[in-house]
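Source: prediction; values computed, not measured.
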Amino acid sequence: MCKTKTRTDAADPRKTISATRNRPSLSPSTSRSAAATASSLFSSSSTSSASVVSLSTLRSSLPENPLYSFSEISSATNNFRSNRLSSSSSAFRCSLRGRQVAVFQRRISRQLDLQRVLSSLCKCHHSSIADLIGASLSGGNIYLVYEFIAGASLSACLRHPQNPAYTVLSTWISRVQVAADLADGLLYIHRNSGIGGDRGLIHNHLKSSSVIVADPSLNAKICYFGAAELTGELPDDRIRDSGEIRPDPGPALARSGSLKMKVKGKRGYMAPELLTAGTVSQKADVYAFGVVLLEILSGEEPLKYRLDEMRGEYERVSLIERAAEAEEERGLRRWIDRRLRDSFPIDVAERMTRVALECVQEEPEKRPDMEAVAGVVSRLYLESKGWAEKMRVPTDFSVSMAPR
C-alpha cells in the first residue's frame, strides 16, 4: 500500500523547456525531494533507540537473497494455474517468503550476470515505483517478483470496462496527483545508475496499463522497474560480464544517450524513433510519459478507430493530434475529460497540456528531460492544491433539509 505524499514546496526554476509551435517556454522547477518520505519513516520517535528499531525494520525489508528458485515460484503459483492477475497476462499474485507479491513471466533474450544486476536493482526504492524484490530464471523465461499493490491499473481507472461513465479519478486533484507521482518515479529511474556506468536507467515499458493506482490513497506506482535490463533488452556489446553498461562507442549516440534495443512496446506510446530505427533512449520514455499525461487529462486512449459512416471506413483517431488541435483552437475546456464536470483550473490544465505536448515532439532532441518535466508538474500540482483549497465547501456550519 502506498502512503499519500505531502508536497510542500517547489524549488526555483533551473531549466527551460524549449518552446515549439509559437507556444511560450516553460520554466520548470526541480522535482520534489524524497526527504518527506525519509522523515516520515523516523517521525514516530526522536530517541536513538527508536531510530535503531526503524533502521532495523528498514534493513529487514531489503531482500537478502533476491534470487528465487523456480520451484519456489511454481509452488507459490500452483504451477502457474492460480491467482492470475488478468486472463490475458502471464502475471500472478502469490505469497513468497511470507510476503504478498506479483510475479511476471517474461522472455529473456540472453543470460546476464543476474545476481549482480538484480542485487543492484533491488536496492532501488521510490514511493512511486513498485519495488523489485527478486527474480528467477528457468529455460528462456525470467520471472520478475515485485511487491503486490492493492489497486487497479491507471487505464482501468480512466476507462472502466463495464461502466464508461464512471471513473475512480473523478476530481482534478486526484489526476494531478497521479501525474506528479509518475513524473517523480520516472525521474528517479532516469537518474539512477544502479547497475553501473555513468548513465541512468530506461524504463521502456511506460503506459497507462503498467501504472497501478493504489487503493485507497490513489497514489500511482510505476510497474516493471528494471524489466528492460533483466530481460536482456540492452544489446550484447553494451553489457560487461559484471552487468555494467559500457560507454556508448558511437559519438552520435553518445550525444543523445540513446541505445539500440529490441523494439518492445505498445503502439500509441512508442516514440517515432522507436518505430523507425529501434532506438530507445530516456527521451523515448519522456514521449511515453507525455502520452500517459494526455490520457490522464482527457480520459481517452492513445489510439482508437471510429467508423466514418459517409465513407463506410474506419479512421484512426490520435490522442496527440486531438490534444494539439484543441490547444491551437483554444478548445481545451471541451477536450478535458467531461467526467470532471468542468471543475478544474483552466490555466493549470492548459499548462499541463502544454507540458504533455512538449514531451511528444517528433524529434527526441526537442523533448525536455524528466528533470524539467517533473519540476513543472510538481509546481502545477501545488497550484492545483491551492485551487482545491479555495474551492472546498466549508465544513464549519450545518445545513438542515427538514421542512420549516
Side-chain angles (χ1 to χ4, degrees), residues 62-124 129-149 153 189 194-197 201-207 209-210 212 221-246 259-267 269-270 274 278 280:
L62 299 177
E64 294 181 2
N65 180 15
L67 284 175
Y68 292 85
S69 66
F70 179 73
S71 60
E72 279 184 278
I73 303 288
S74 180
S75 176
T77 58
N78 190 21
N79 200 23
F80 304 100
R81 291 195 296 263
S82 300
N83 297 326
R84 192 183 294 268
L85 289 177
S86 68
S87 58
S88 60
S89 71
S90 298
F92 306 84
R93 177 186 178 181
C94 61
S95 177
L96 280 173
R97 300 176 186 174
R99 182 173 183 178
Q100 287 294 309
V101 300
V103 178
F104 296 88
Q105 177 184 334
R106 295 290 184 268
R107 295 292 297 175
I108 186 168
S109 59
R110 70 176 182 281
Q111 296 293 329
L112 303 174
D113 182 355
L114 185 63
Q115 178 74 51
R116 177 184 173 87
V117 177
L118 187 60
S119 296
S120 298
L121 292 174
C122 285
K123 293 176 183 176
C124 301
I129 297 174
D131 283 344
L132 176 64
I133 301 172
S136 176
L137 282 175
S138 178
N141 294 323
I142 185 169
Y143 299 86
L144 303 172
V145 180
Y146 291 91
E147 66 169 322
F148 175 76
I149 304 166
S153 70
I189 293 172
I195 59 174
L201 302 177
I202 298 172
H203 187 277
N204 201 31
H205 295 279
L206 186 65
K207 51 188 180 292
S209 59
S210 67
I212 296 295
K221 286 205 174 192
I222 300 173
C223 299
Y224 310 130
F225 167 71
E229 285 77 21
L230 292 170
T231 54
E233 292 177 18
L234 293 176
D236 291 329
D237 61 355
R238 292 183 55 86
I239 302 290
R240 295 194 185 105
D241 292 338
S242 64
E244 181 179 347
I245 301 180
R246 290 178 177 175
L259 319 172
K260 287 287 185 177
M261 293 184 180
K262 291 187 175 181
V263 178
K264 292 187 178 182
K266 183 176 181 181
R267 286 190 178 273
Y269 299 93
M270 298 171 69
L274 251 177
V280 177

Are any non-hydrogen side-chain atoms of [X] and [Y] less than 4.5 angstrom apart?
X	Y	answer
Leu96	Ile73	yes
Ile142	Leu114	yes
Leu132	Cys124	no
Leu230	Ile108	no

Original post:
How would you list, by chain and number, every residue that makes a side chain to side chain contact (heavy atoms under 4.5 Å, CB included) with Ser82, sequence neighbours excluded?
Top reply: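 In terms of side chain to side chain contact (heavy atoms under 4.5 Å, CB included), with neighbours along the sequence ignored, Ser82 is linked to Asn78.
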Original post:
Taking only residues two or more places apart in sequence or in another chain, which ones pass side chain to side chain contact (heavy atoms under 4.5 Å, CB included) with Ser95?
Top reply: Gln100
Which atoms form the tightest heavy-atom contact between [X] and [Y], and what is the distance?
X	Y	result
Cys122	Gly134	SG-N, 3.9 Å
Leu121	Glu229	CD1-CB, 4.3 Å
Ser119	Gln115	OG-O, 2.7 Å

Nearest 0.5 Å please: distance from the [atom1] atom of [X] over to the [atom2] atom of [Y].
X	Y	atom1	atom2	result
Leu118	Lys123	CG	NZ	11.0 Å
Ile202	Ile189	CD1	CD1	11.0 Å
Tyr143	Phe70	OH	CZ	4.5 Å
Arg99	Ile133	CZ	CD1	3.5 Å

**OP:** Taking ring pair (Phe, Tyr, Trp, His ring centres under 6.0 Å) as the test, write out the residues that go with Tyr269, two or more places apart.
**Re:** none
Original post:
Tyr68: what forms a ring pair (Phe, Tyr, Trp, His ring centres under 6.0 Å) with it, not counting sequence neighbours?
Top reply: none
Can you name the residues that form a side chain to side chain donor-acceptor pair (under 3.5 Å) with [X], not counting sequence neighbours?
X	answer
Ser210	none
Ser209	none
Asn141	Arg107
Ser136	none

Original post:
How far apart are the C-alpha atoms of Cys223 and Tyr146, what are their side-chain angles, what is the distance that settles it, and do they pass the side-chain contact (heavy atoms from CB on, under 4.5 Å) test?
Top reply: CA-CA 8 Å; Cys223 299; Tyr146 291 91; over 6 Å; no
Original post:
With ring centroids as reference points, do Phe225 and Phe104 lie under 6.0 angstrom apart?
Top reply: no
Original post:
Just by distance, do the side chain of Thr231 and the backbone of Ala227 share a donor-acceptor pair under 3.5 Å?
Top reply: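 Yes: the side chain of Thr231 pairs with the backbone of Ala227.
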Original post:
Passes side-chain contact (heavy atoms from CB on, under 4.5 Å), Tyr224 versus Leu144? Steps please.
Top reply: CA-CA 8 Å; Tyr224 310 130; Leu144 303 172; 5.9 Å; no
Subject >> salt bridge (charged side-chain N to carboxylate O under 4.0 Å, His left out) against Arg97, all qualifying residues, sequence neighbours excluded >> reply: Glu72
Subject >> Thr77/Asn83 under side-chain contact (heavy atoms from CB on, under 4.5 Å): CA gap, chis, key distance, verdict >> reply: CA-CA 7 Å; Thr77 58; Asn83 297 326; over 6 Å; no
